[in-house]
J.: 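Here you go, one structure.
In what follows, chains carry the letters A, B, and so on, assigned in the order in which the sequence lines appear, proteins first and then strands, with residues in each chain numbered from 1. This one's a predicted model, so the numbers in the text were calculated from it and none came from an experiment. Just so it is clear, the values below take in all heavy atoms, side chains as well, and ignore hydrogens, waters and symmetry mates.
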Number of protein chains: 2
Amino acid sequence: MARTPTSRSSSGKAGGVTLAMVARRAGVSPQTVSNAINAPELLRPETLERVRAAIDAMGYRPHRAAQTLRTRSSRLIGYGVQSVDVDRTTPVMDRFLHALTHTAEEAGHRILLFAVPAGSRLLAPYQELVDDYSVDGFVLSDTDRGDRRQAWLAKHHIPFTAFGRMWSDKQIGDWVDVDGAAGIGRAVDHLAERGHRKVAFLGWPRGSGAGDDRAEGWKAALRRHGLPVRGLRAESVDDVDAARTVALRLLDTGADAIVCASDTLAMGAYRALRERGLTPGDDVAVTGFDDSPAAALVSPGLTTLAQPMDVIGAECVRLLLARIAEPDREPEHILLEPRLAVRESSAPPRPLM
Amino acid sequence: MARTPTSRSSSGKAGGVTLAMVARRAGVSPQTVSNAINAPELLRPETLERVRAAIDAMGYRPHRAAQTLRTRSSRLIGYGVQSVDVDRTTPVMDRFLHALTHTAEEAGHRILLFAVPAGSRLLAPYQELVDDYSVDGFVLSDTDRGDRRQAWLAKHHIPFTAFGRMWSDKQIGDWVDVDGAAGIGRAVDHLAERGHRKVAFLGWPRGSGAGDDRAEGWKAALRRHGLPVRGLRAESVDDVDAARTVALRLLDTGADAIVCASDTLAMGAYRALRERGLTPGDDVAVTGFDDSPAAALVSPGLTTLAQPMDVIGAECVRLLLARIAEPDREPEHILLEPRLAVRESSAPPRPLM
DNA sequence: TACATTTCTTGGAACGCTCCAATGACTGAG
DNA sequence: CTCAGTCATTGGAGCGTTCCAAGAAATGTA
């Protein structure tokens with residue numbers, strides 16, 4: 001009843017509304033206000049209502065730092081941002097961050113970005129955030145063979161979820177990943193269906209988990225379709241010009257389709273084709289991986305495998321929060337299928353009229 | 001001397017090292033340890049060394065929440081992530097985030113991501129973060145006419161820096177922006193130098209600050225070069241297909257170059273050219289804006305204006321921290337010149353042999 | 001009406017740090 | 001040798017919250 005601010009909040013005072021102030025106004029103890037927020041079932045309905053009214057009227061919001069200090073939980077999720085290789089690593093990183101941010105928010109958490117030096121897999125930055133209680137856990141990405149982070153985090157009982165499975169023999173912790181082999185297989189199916197016979201693969205140098213997996217998917221699919229494999233596999237680092245060179249060699253073998261391990265490699269294939277006066281799709285089919293923005297922009301549009309970044313991000317957050325809530329639960333692994341985004345670059349081969 | 005952990009840190013105990021524990025070990029009061037960290041000049045050199053040794057030996061790191069609670073500064077910078085329009089709004093957003101993260105880190109701050117609904121300019125999410133003392137200030141982006149955030153933040157004395165100037169008459173707060181008009185002017189210079197005479201402009205619908213600015217830059221440059229303006233300006237929403245349609249009309253006017261307000265629009269122009277059997281660069285020059293990854297990938301490469309995202313991010317953080325340190329300082333505005341990344345799409349016009 | 005039981009509410013302490021004011025040690029001047 | 005004036009260090013309180021254990025009120029039972 002008294003004259004109060006318009007039920008909005010901290011506009012007026014410099015200070016800020018505290019639990020104690022709300023308590024005084026509602027005529028209860030601070031603890032009761034705390035309970036009204038964190039364990040409302042403990043309050044008598046009529047008390048609860050009175051306290052809630054006071055909270056609303058005063059626009060009270062708990063001080064995060066005070067809560068963190070007391071509960072030892074920051075409700076923050078750490079995500080390390082690499083220094084360089086901005087374009088290289090993940091052309092679709094922002095989609096991932098969006099998904100992380102939104103899913104986390106729905107669960108009352110937020111994302112804390114921190115810098116990790118260059119391509120290093122340094123543990124120090126993670127260590128720091130844990131030591132000063134800045135975060136409750138981590139989401140990792142760009143994991144690869146020889147990544148020491150999972151083992152280190154597990155050893156220190158720090159919750160984490162990785163976007164990217166463990167490629168080493170021993171599985172550590174929770175992860176979400178995309179089934180690259182299955183995706184590439186789907187691309188091969190698609191090409192075979194449209195009549196392509198010599199389906200080449202342009203991948204990364206052997207040794208990377210995801211790269212080898214995609215290559216396997218290609219080989220398995222060819223076998224399934226009874227198509228030839230020999231001499232149709234080539235390798236290049238993830239760079240357009242390097243890929244172009246290698247793609248030229250594949251064209252020399254008479255390939256009528258080139259399945260690539262990434263959109264960048266596919267763009268290299270595009271260049272090789274152009275150089276030979278050929279058109280992607282019409283003359284030789286090309287497929288990529290990632291569905292980066294460029295895939296839809298180029299002409300002809302690039303058929304490529306789209307990773308469900310929104311689902312990936314959401315699942316990463318879900319698994320992480322589950323582990324924070326229950327540190328000893330069984331590790332959970334989620335393997336998602338990429339979606340084949342069909343565009344003009346995978347048209348049927350030109351009929352040999 | 002005593003047996004101590006390997007000068008590394010929190011590996012062992014579940015708890016964690018506190019100021020008091022360090023103090024006991026160093027034989028000083030907690031306050032002195034605090035001073036050793038925050039005001040080392042107050043200590044006698046020999047004491048300082050002793051305390052530092054203890055800190056190192058025990059791997060002590062101050063508890064962030066406790067510091068935040070006491071000092072009322074979280075050392076966190078808020079950045080709102082839009083729900084949708086992921087690809088649309090800023091194709092280069094991840095570079096910006098990288099820059100923010102790294103500059104912030106160097107200054108002892110970190111970036112806190114939070115979700116803001118759809119395209120809305122809602123203030124509620126900002127309000128919340130301020131009310132619960134989660135952040136010390138904000139970096140804004142995707143500002144535009146009618147954006148209420150700056151005025152609201154200023155009114156509430158909340159520090160912020162915007163990537164994007166104020167387009168309304170009254171200037172509020174600090175901002176960093178890219179001089180779109182100058183950039184487009186540079187593109188026109190470049191084309192004129194190479195002999196293009198009918199330089200068209202493909203921009204966004206009137207009303208957006210950045211869009212109108214770029215259009216003005218085009219017009220001014222044409223005047224400067226004594227080139228014709230009439231009938232050479234067209235508008236389209238930022239979508240490849242929509243741009244394609246509009247670009248076709250520009251080609252009908254006999255334009256020999258199309259300067260675009262974005263890379264997306266430029267890709268539309270590419271399609272229009274192809275449809276007419278023309279080649280970008282060889283037949284009609286095309287330039288874009290943003291230097292999105294796609295610009296380097298397409299063939300021919302797209303000449304475009306690169307925004308120095310690393311500098312922009314760094315300056316945003318710098319201005320923000322300066323304002324946090326000194327709330328009443330004069331607002332500072334930084335206008336950066338984009339760099340013209342010349343590729344094949346702006347080759348000289350084919351000689352009329 | 002008295003007592004045991006359940007339900008609701010509260011006081012006090014603590015999380016780990018830094019603020020503030022005060023104490024002690026140390027200099028140099030009178 | 002005393003005293004004012006620095007310099008270095010310390011004690012105590014408090015930031016705003018939640019934990020814990022204990023108190024008060026309401027309910028049920030004999």
J.: Can you measure B:Arg75 atom CZ to C:dC17 atom C1' for me and round it to whole angstrom units?
T.: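 After rounding, the reported distance stands at 13 Å.
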
J.: Let's see if you can work this out: which of C:dC17, C:dC15, C:dT10 has an atom nearest to the side-chain heavy atoms of A:Arg70?
T.: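 Looking only at side-chain atoms, A:Arg70 lies closest to C:dC15.
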
J.: To the nearest angstrom, how far is B:Arg24 atom CZ from D:dT9 atom P?
T.: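 Atom-to-atom, B:Arg24 to D:dT9, this comes out as 19 Å.
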
J.: Is it true that A:Ser73 and A:Asp136 share a donor-acceptor pair across their side chains at a distance under 3.5 Å?
T.: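 Yes.
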
J.: May I have the distance from A:Asn38 (atom CG) to D:dT17 (atom C1'), rounded to whole angstrom?
T.: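 After rounding, the gap between these two atoms is 9 Å.
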
J.: Considering all heavy atoms of both residues, which atom of A:Met21 and which atom of A:Gly16 are nearest to each other, and what is their separation?
T.: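 Reported closest heavy-atom pair: SD-O, 3.7 Å.
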
J.: In whole angstroms, how far is the P atom of C:dG11 from the CG atom of A:Leu19?
T.: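 So the two atoms are 13 Å apart, to the nearest Å.
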
J.: Quickly work out the B:Ile37 CD1 to C:dT18 P distance and round it to whole Å.
T.: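 Nearest whole value for this atom pair: 7 Å.
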
J.: So among A:Ile158, A:Leu112, A:Ile111, which one has a side chain to side chain contact (heavy atoms under 4.5 Å, CB included) with A:Val135?
T.: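 Filter result, single survivor: A:Leu112.
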
J.: Find the distance A:Gln67:CD to C:dA14:C1' and express it as a whole number of Å.
T.: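 Answer to the nearest Å: 16 Å.
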
J.: What is the distance, to the nearest angstrom, from the CG atom on B:Leu48 to the P atom on D:dT9?
T.: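 Rounding to the nearest Å, CG of B:Leu48 and P of D:dT9 are 9 Å apart.
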
J.: Students often get this wrong, so: under 4.0 angstrom with heavy atoms, is A:Thr32 touching a base, only sugar-phosphate, or nothing?
T.: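 The answer is base, as A:Thr32 lies within the cut-off (heavy atoms under 4.0 Å) of a base atom.
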
J.: Just how far, in rounded Å, is P of C:dG16 from NE2 of A:His63?
T.: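 Between P of C:dG16 and NE2 of A:His63: 17 Å.
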
J.: Is it true that A:Tyr79 and A:Phe138 have ring centroids separated by less than 6.0 Å?
T.: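 Ring-ring flag for A:Tyr79/A:Phe138: false, centres at least 6.0 Å apart.
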
J.: Keeping the roles fixed (side chain from A:Ser74, backbone from A:Ser134), state whether a donor-acceptor pair exists under 3.5 Å.
T.: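 Side chain of A:Ser74 to backbone of A:Ser134: a pair is present.
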
J.: As a test of reading the structure: which of C:dG16, D:dT17, D:dT10 is closest to the side chain of B:Asn35, going by heavy atoms?
T.: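 Ranking C:dG16, D:dT17, D:dT10 by closest atom to the B:Asn35 side chain puts D:dT10 first.
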
J.: Please pick, from D:dG16, D:dT10, D:dT18, the nucleotide with the shortest atom-to-atom distance to any side-chain atom of B:Val28.
T.: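 Comparing D:dG16, D:dT10, D:dT18 against the side chain of B:Val28, the answer is D:dT10.
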
J.: Using OP1 and OP2 only, check whether a side-chain N or O of B:Tyr133 sits under 4.0 Å from D:dT17.
T.: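 Checking D:dT17 against B:Tyr133, no side-chain N or O comes under 4.0 Å of OP1 or OP2.
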
J.: Is any side-chain nitrogen or oxygen of B:Thr71 closer than 4.0 Å to OP1 or OP2 of C:dT18?
T.: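 For B:Thr71, the contact criterion (side-chain N or O under 4.0 Å from OP1 or OP2 of C:dT18) is not met.
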
J.: Within residues 39-47 of chain A, find the residues that approach DNA chain C with a heavy atom at under 4.0 Å, and present them sorted by residue number.
T.: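 By residue number: A:Leu42, A:Leu43, A:Arg44, A:Thr47.
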
J.: Looking only at non-hydrogen atoms, find the nearest pair between A:Gly173 and A:Pro331 and report the distance.
T.: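 The pair with the smallest heavy-atom distance is O-CB, 3.8 Å.
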
J.: For this output row, return yes or no: ring centroids of A:Tyr126 and A:Phe114 closer than 6.0 angstrom.
T.: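 So the answer is yes for these two rings.
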
J.: Among the nucleotides C:dG11, D:dT17, C:dC15, which one has an atom lying closest to any side-chain atom of A:Arg72?
T.: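 Among C:dG11, D:dT17, C:dC15, the one nearest the side chain of A:Arg72 is C:dC15.
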
J.: When you get a sec, tell me which of D:dT18, C:dC17, D:dG16 is the closest nucleotide to the side chain of A:Thr18?
T.: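 Nearest to the side-chain atoms of A:Thr18, counting from C-beta on, is D:dG16.
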
J.: Of all the nucleotides listed (C:dC15, D:dT17, D:dG11), which has the minimum atom distance to the side chain of B:Ser29?
T.: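 Shortest atom-to-atom distance from the side chain points to D:dG11.
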
